[in-house]
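Predicted, not measured: the structure shown is a model, and the values here were computed from it. Quick note on labels: first sequence line is chain A, next is B, and so on, each numbered from 1. We use all heavy atoms of the structure for the numbers below, so side chains are in, but hydrogens, waters and symmetry mates are not.
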Protein chains: 2
Amino acid sequence: MRVGELSKRSGVAVPTIKYYLREGLLPAGVLTSPNQAHYDDEHLRRLRLVRALVDVGGLSIATVREVLAAIDTRDDSLHNKLGAVQEAISQPSAAELDPLAVADVQAFFARHGQTECIDVTESNVTLMLAAALSSARSIGHDRIHELLDPYLEGLKIIAKADLEYVIQHTSPDDVIEAMVIGTLIGDTVLKAVRRLAHAEVSRGALSGSPDPDSSN
Amino acid sequence: MRVGELSKRSGVAVPTIKYYLREGLLPAGVLTSPNQAHYDDEHLRRLRLVRALVDVGGLSIATVREVLAAIDTRDDSLHNKLGAVQEAISQPSAAELDPLAVADVQAFFARHGQTECIDVTESNVTLMLAAALSSARSIGHDRIHELLDPYLEGLKIIAKADLEYVIQHTSPDDVIEAMVIGTLIGDTVLKAVRRLAHAEVSRGALSGSPDPDSSN
DNA sequence: CTGAATGGATAGCAGTACTCTCTACTATCC
DNA sequence: GGATAGTAGAGAGTACTGCTATCCATTCAG
């Protein structure tokens, strides 16, 4: 198909597709003549992936490029690839780290099997965690780290479901893509469902009248 | 204190503070003369809150303004206030909703006590959820809704921990602020811990050598 | 043959979050 | 009392992002 059809089928405007081509988010089509190129279903698929990363994941164009690069690394183990993708989609805030927050993270790791001291700056994921705890501390919430263990407990259930989903519903070729999408969409879904859970909980606990009629 | 000291104590540059004042994120100080104003600890506190919302929550200035407005509504029940804040911090993507995704959300509510049909467009939270499921569907993941129930199960544990944290560590005056911060920082923490959980899980399941040596 | 579409390139534009500059002042130290 | 530093308020300017618009030569479709 040509760019016009690609645009129609994906719902992405032609100039935007051209922009993505320029930015390297989309591989160039096969040139059949100096000003005619042919795009296939892989392009369509990739284009939809880009849109999903941007729309659902809220990723910047630069981050999308990193994620795609990680996905396209074909000569690496799935585990390493997933790690690379995770690094790409986990951009920590630039704020300074509170050493106490770093200690919180290290203690958390120590509690859960990590025997030796870890360096939180080694991974964006741990950095993100430490940065979040730092921010909490900076505004006076120095007990947030107490939430880490219950969070992990809940997330074990969630991560297990994630894994099962990926295993059941994707071919090996698509595992990484599914993990990215699942992670990003899952983040959004988790956010939303957590808010619903909060609302549910607050209905009983925080309502104007101290009415202990409910739930739990 | 004057703006210079406010800046020093908060780590926010004076021009930025002035910008926040202009944008209504920070109430004006008490003018002691035409070009002298006095700021107190409440300003400092609010300023740090703004920074936390921006840095940790990744909220836009406009969204921060909405959140603050919701927090400052003093004549409303906590539950309603929390709802308003949640609406403010839950900005769904603008993409079109897939009716099937909407049905997924409705089915989810039906499974969990909501007897009558809900209108997903009535709240940003449900809209966010439906939008995420729509995006998933648009790229061929039409089974993501199967994750909702396990997610809820995990999130019940998490939300309970959230509630306990808020009750134990905050005075009634600060409950809403703590919920906002806890929600936003919690989102980030959840993201990070979920990624760690994925890494943990993938180490066993996806490693290059199909080595069934581990875990669960 | 004609007109729409295409590839490729460059320029422009709207939004965001500041940041800079300027004009009055005021406050204070010497 | 004068130099110096700090301040309020307001508008313009900046850097970056993610498109969008325009242009041109070419080419394909009818």
| said: So, does A:Tyr39 get its side chain near the phosphate of C:dT6, meaning an N or O under 4.0 Å from OP1 or OP2? | reply: no

| request: Starting at atom CG of B:Leu26, determine the distance to atom P of D:dT7, rounded to an integer number of angstrom. | output: 15 Å

| request: Report which part of the nucleic acid B:Leu31 touches: base, sugar-phosphate, or nothing (heavy-atom distance under 4.0 Å, all strands). | output: sugar-phosphate

| query | Between A:Tyr39 and A:Arg46, is any side-chain donor less than 3.5 angstrom from a side-chain acceptor? | reply | no

| Distance test, side-chain N/O of B:Arg2 to OP1/OP2 of D:dT7, below 4.0 Å | yes

| Is there a donor on the side chain of B:Lys18 or the base of D:dA8 sitting less than 3.5 Å from an acceptor on the other? | yes

| request: May I ask you to decide if A:Val3's main-chain N or O and A:Ser7's side chain share a donor-acceptor pair within less than 3.5 Å? | output: no

| request: Would you indicate which nucleotide in D:dG18, C:dG7, D:dT7 comes nearest to any side-chain atom of A:Asn35? | output: C:dG7

| task | Whole angstrom is fine here: how far is it from CD1 in B:Ile17 over to P in D:dT7? | result | 10 Å

| A:Met1 CE to C:dG7 P: how many Å, rounded? | 12 Å

| query | With no hydrogens and no angle check, do the side chains of B:Arg51 and B:Ser10 hold a donor and an acceptor under 3.5 Å apart? | reply | no

| What integer distance in Å separates A:Leu21:CG from C:dT10:P? | 16 Å

| query | Taking CG from B:Leu6 and P from D:dT7, how many angstroms apart are they, rounded to a whole number? | reply | 10 Å

| Passing candidate, side chain to side chain contact (heavy atoms under 4.5 Å, CB included) with B:Arg194, options A:Asp187, A:Leu152, A:Val125 | A:Asp187

| query | Looking across every strand, which nucleic acid part, if any, lies under 4.0 Å from A:Arg65 by heavy atom: base, sugar-phosphate, or nothing? | reply | nothing

| Is there a donor and acceptor pair, one atom on the side chain of B:Arg22 and one on the base of C:dT19, closer than 3.5 Å? | yes

| remark: By nearest-heavy-atom nucleotide on DNA chain D, the more 5' of B:Gln36 and A:Leu59 is B:Gln36

| query | When all nucleic acid strands are considered with a 4.0 Å heavy-atom cut-off, which category describes A:Pro34: base, sugar-phosphate, or nothing? | reply | sugar-phosphate

| said: Assess whether a salt bridge exists between B:Arg45 and B:Glu42, defined as any Lys/Arg side-chain N lying under 4.0 Å from an Asp/Glu carboxylate O. | reply: yes

| request: Take the protein atom CD of A:Glu5 and the nucleotide atom P of C:dA5, then report the distance between them rounded to whole Å. | output: 14 Å

| query | Over how many whole Å does the gap from B:Tyr20 atom OH to D:dG9 atom P extend? | reply | 18 Å

| said: Of the listed nucleotides (C:dT26, D:dT27, C:dC18), which one gets closest to any side-chain atom of B:Ser33? | reply: C:dT26

| message | By nearest heavy atom, map A:Tyr19 and A:Thr32 onto DNA chain D; which one lands nearer the 5' end? | response | A:Tyr19

| field | Rounded distance in Å - CD (B:Glu23) to C1' (C:dT19) | value | 13 Å

